[in-house]
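Right, one structure below, let's go through it.
Given the structure is predicted, the values throughout are model-derived calculations rather than measurements. To find a chain, count down the sequence lines: A is the first, B the second, and so on, and within it residues start at 1.
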Amino acid sequence: MSSQKIDLTQLNPEQLTVVKQQIDQELQHFTQSLHALNMARSKFKECIDDIKTVSRDDNANQNLLVPLSGSLYVSGKIQDNKKFMVDVGTGYYVDKSAEDAIQFYQKKVDKLNKESLQIQEIIKEKNQSSLAIENQLRIAAIKQHEQMAAAQKS
Amino acid sequence: MSAEETTQKYTKLQGELEELIVARQKLETQLQENKIVSDEFSSLKDDATVYKLTGGVLLPVEQFEAKGNVEKRLEFIEIEIKRCETNIKSKQQELEVARSELMKLRSQQQQQQQQ
């Protein structure tokens with residue numbers, strides 16, 4: 001993102017409004033991204049929990065219902081509750097043991113955690129900029145008001 | 001060219017530039033996804049079975065084949081990104097030209113009105 005520094009006191013109210021609009025837009029964009037990241041993260045966490053549950057020894061010969069459609073099921077049995085097929089993206093799937101599968105998802109969760117923190121940092125920064133500009137706008141408005149009052153008096 | 005035509009051309013160019021930028025973002029998403037897959041493949045155990053989702057079925061594929069496929073796709077996407085970026089640059093230049101033309105016409109109009 002733009003790292004150039006702008007002296008807010010040098011800008012007129014019109015410019016300030018434009019800059020504020022821009023920053024607010026960016027802020028919205030980042031907030032949306034953060035939301036999407038958190039959604040993805042909770043999905044991966046769910047996967048980890050699912051693997052842990054299914055691979056438990058007392059679930060080895062568990063019957064389960066296999067969904068054929070949204071409302072149609074047949075009963076089935078897990079052949080091997082220690083083996084999972086993981087979607088690695090772009091249509092590829094890989095056979096993995098329970099441990100490897102958990103590790104795979106954990107890595108993804110960790111990565112998302114890191115990115116989520118980064119975005120939170122950016123959002124904080126943008127929020128501060130937005131507030132600073134708002135402040136500057138208020139000061140400019142007061143100044144204008146005073147000038148107008150002074151002009152009327154004289 | 002009349003001011004109206006120039007304005008139309010300018011908005012058209014703006015729309016085209018926006019389309020290109022969307023395409024560029026899409027390519028970036030694909031690049032990132034393929035990179036993740038490539039990373040995953042490189043840390044795969046030699047005996048791990050890889051499947052490819054083709055239509056409605058999972059077909060087992062050889063690991064080296066899958067790896068080669070993803071590498072090729074990465075190369076292709078990178079070329080596409082380069083192409084897209086040159087397009088964006090030339091479109092931005094076109095837009096810049098149209099913008100200055102528009103400004104010139106507007107100031108001419110203003111002068112005429114003042115006279």
Side-chain angles (χ1 to χ4, degrees), chain A residues 1-2 18 22 25-26 28-30 32-37 39-41 43-44 47-48 51 66-70 72 76 78-80 82-116 118-119, chain B residues 14 17-18 21-81 85 88 92 99 103 106:
Chain A
M1 279 294 138
S2 60
V18 173
Q22 204 184 335
Q25 234 173 39
E26 284 173 17
Q28 207 185 357
H29 176 78
F30 282 119
Q32 269 171 7
S33 304
L34 183 66
H35 189 68
L37 271 185
M39 291 265 283
R41 197 178 50 180
K43 255 190 204 157
F44 288 139
C47 287
I48 295 178
I51 294 169
V66 183
L68 294 183
S69 75
L72 183 64
I78 298 174
Q79 260 191 355
D80 185 348
K82 301 280 189 277
K83 215 173 98 186
F84 295 87
M85 202 188 270
V86 179
D87 181 357
V88 293
T90 66
Y92 284 110
Y93 291 72
V94 181
D95 270 343
K96 280 183 184 296
S97 69
E99 293 80 39
D100 284 351
I102 289 175
Q103 206 189 16
F104 172 83
Y105 284 118
Q106 191 59 53
K107 234 164 55 188
K108 286 207 180 281
V109 170
D110 290 345
K111 198 175 156 205
L112 287 178
N113 265 338
K114 222 171 76 190
E115 276 167 23
S116 159
Q118 272 173 356
I119 288 193
Chain B
Q14 254 181 338
L17 181 66
E18 220 155 279
I21 288 171
V22 170
R24 172 70 181 81
Q25 278 168 343
K26 227 164 134 188
L27 281 170
E28 186 64 34
T29 319
Q30 283 177 351
L31 182 74
Q32 291 307 328
E33 196 181 356
N34 277 287
K35 262 190 187 160
I36 292 170
V37 178
S38 165
D39 274 355
E40 182 57 28
F41 278 171
S42 62
S43 64
L44 227 49
K45 285 178 195 134
D46 286 335
D47 59 340
T49 335
V50 179
Y51 302 86
K52 170 108 184 76
L53 187 67
T54 326
V57 280
L58 284 170
L59 292 174
V61 287
E62 294 294 329
Q63 247 190 58
F64 73 88
E65 206 186 315
K67 278 179 190 167
N69 246 330
V70 174
E71 284 313 312
K72 235 188 302 179
R73 231 180 315 178
L74 274 175
E75 263 171 53
F76 176 75
I77 292 169
E78 268 159 22
I79 291 169
E80 279 293 295
I81 284 180
E85 276 185 346
I88 286 177
Q92 275 171 337
R99 195 211 304 272
M103 296 287 244
R106 286 232 175 106

Contact check, side chains of A:V94 and B:Y51, non-hydrogen atoms, under 4.5 Å: no

Sequence neighbours excluded - salt bridge (Lys or Arg N to Asp or Glu O under 4.0 Å) pairs with any residue from residues 45-56 of chain B: A:D100-B:K45

Enclosure of B:Q92 CD (heavy-atom neighbours >12, cutoff 6.0 Å): yes

Residue that, paired with A:V88, satisfies side chain to side chain contact (heavy atoms under 4.5 Å, CB included) out of B:V37, B:L44, B:D39: B:V37

Atom CD of B:Q32 with >12 non-hydrogen neighbours under 6.0 angstrom: yes

Other residues, nucleotides, ligands: >12 heavy atoms within 6.0 Å of A:Q22 CD: no

Heavy-atom donor-acceptor pair, B:E33 side chain to A:G89 backbone, under 3.5 Å: no

Any residue of residues 102-110 of chain A which, by heavy atoms, sits under 4.5 Å from chain B: A:F104, A:K107, A:K108

Heavy-atom side-chain contact between B:V50 and A:Y92 under 4.5 Å: yes

Distance (rounded to the nearest 0.5 Å) between B:R73 CZ and A:T90 OG1: 4.5 Å

4.5 Å side-chain heavy-atom contact, A:M85 and B:T49: no

By salt bridge (charged side-chain N to carboxylate O under 4.0 Å, His left out) - contacts of A:E99 (at least two apart): none

Exceeds 12 heavy-atom contacts within 6.0 angstrom, atom CD of B:E28: yes

Residues that A:E115 engages under side-chain hydrogen bond (donor to acceptor under 3.5 Å, both in side chains), provided they are two or more places apart: none

